[in-house]
Amino acid sequence: MHLNIELNGEKRTLEIQPKDMLLDVLRSAGMKSVKRGCGEGTCGACAVLIDGKPRNSCITFAASCEGSKILTVEGMGNPEKLHPLQKSFIDHGATQCGYCNPGSLIVSKALLDENPNPTAEEVKEALDGNLCRCTGYVKRVEAVLAAAREMKK
Ligand code: FES
Ligand code: FES
């Protein structure tokens, strides 16, 4: 079957099977930022935005996304032009191995899109479903708060 989506601002038609999960479809489409961690909806490494809302792509059937706008980190920024959140994660040491970062960045973006002036508590709550084995959970909260301040300038 065909899946018609807008992927990082570009209209795409992808060939999929009804049983395919969005995580695998996105990675096959070249979106290698989308990571498989637990594969069962608990770690957040595979999070993407579907119509502006963060979703774990490992437990989302690709077929359920027909007509949706999907954003992965590839659509947020690139090494030449980092998104303020990406820059802030680097500046604040909120990235080490980096495996969790795409999911955390995507969820942070969803938060700031909806609430440009979050409290530390609101950032913690938003990132509650994104596990990180390396950095602890303080640095990325600082990074999101700093990015929010930067984006208001
Ligand atoms: Fe999807 Fe862990 S890989 S939530
Ligand atoms: Fe390694 Fe988060 S930076 S898991």
Side-chain angles (χ1 to χ4, degrees), residues 3 5-8 12 14 16-114 118-151:
L3 173 68
I5 53 173
E6 191 180 305
L7 180 54
N8 296 330
R12 300 278 297 264
L14 305 172
I16 63 166
Q17 299 296 316
K19 65 174 175 33
D20 287 346
M21 296 322 249
L22 184 60
L23 165 63
D24 303 303
V25 169
L26 290 175
R27 287 187 60 84
S28 297
M31 302 303 124
K32 301 295 189 198
S33 74
V34 187
K35 299 287 187 277
R36 180 184 301 281
C38 63
E40 54 188 32
T42 57
C43 76
C46 64
V48 298
L49 296 192
I50 303 177
D51 296 326
K53 301 284 180 210
R55 299 278 180 257
N56 287 331
S57 60
C58 69
I59 52 167
T60 301
F61 281 111
S64 72
C65 300
E66 175 65 24
S68 295
K69 290 183 180 174
I70 297 178
L71 186 82
T72 70
V73 165
E74 285 85 351
M76 272 179 78
N78 58 57
E80 285 72 45
K81 193 167 188 295
L82 294 173
H83 186 280
L85 276 164
Q86 292 174 304
K87 183 170 181 323
S88 195
F89 267 53
I90 295 168
D91 291 347
H92 289 81
T95 179
Q96 286 185 27
C97 79
Y99 203 83
C100 69
N101 287 161
S104 301
L105 285 164
I106 279 288
V107 168
S108 301
K109 181 178 186 316
L111 171 68
L112 296 189
D113 285 349
E114 218 176 272
T119 63
E121 236 6 83
E122 287 169 331
V123 175
K124 277 188 212 164
E125 203 174 302
L127 286 168
D128 195 41
N130 295 83
L131 304 185
C132 175
R133 297 283 182 183
C134 307
T135 64
Y137 293 97
V138 175
K139 290 174 189 301
R140 68 182 188 184
V141 174
E142 292 170 353
V144 175
L145 292 173
R149 288 193 295 274
E150 186 63 31
M151 287 163 76

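Whatever order the structure lists them in is the order used to number ligands and atoms, beginning at 1.
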Query raised in the report: What atoms in ligand 1 come closer than 4.0 Å to a heavy atom of Gly41?
Result: 4 (S)

Report summary line: Per-atom filter on ligand 1: closer than 4.0 angstrom to a heavy atom of Asn56 are 4 (S)

Report summary line: Quick note on ligand 1: atoms under 4.0 Å from a heavy atom of Gly39 include exactly 2 (Fe), 3 (S)

Query raised in the report: Should we count CD of Glu66 as having more than 12 external heavy atoms under 6.0 Å?
Result: yes

Requested in this report: Starting from atom 4 (S) of ligand 2, locate the nearest protein heavy atom and write down its residue, its atom name and how far away it is, to 0.1 Å.
Outcome: Arg133 N, 3.2 Å

Query raised in the report: Do Thr72 and Glu74 meet the criterion of a side-chain donor-acceptor pair at a distance under 3.5 Å?
Result: yes

Requested in this report: List every atom of ligand 1 that sits less than 4.0 Å from any heavy atom of Thr42, numbering the atoms from 1 in the order shown and giving each element.
Outcome: 4 (S)

Query raised in the report: Short check: any N/O/S atom of Cys97 below 2.8 Å from atom 2 (Fe) of ligand 2?
Result: no

Report summary line: Near Gly37 (heavy-atom distance under 4.0 Å), the atoms of ligand 1 are 3 (S)

Query raised in the report: Does any N, O or S atom of Cys132, backbone or side chain, fall under 2.8 Å from atom 2 (Fe) of ligand 2?
Result: yes

Query raised in the report: From Cys46, does some N, O or S atom reach closer than 2.8 Å to atom 1 (Fe) of ligand 1?
Result: yes

Query - N, O or S atom of Cys58 closer to atom 1 (Fe) of ligand 1 than 2.8 Å - result: yes

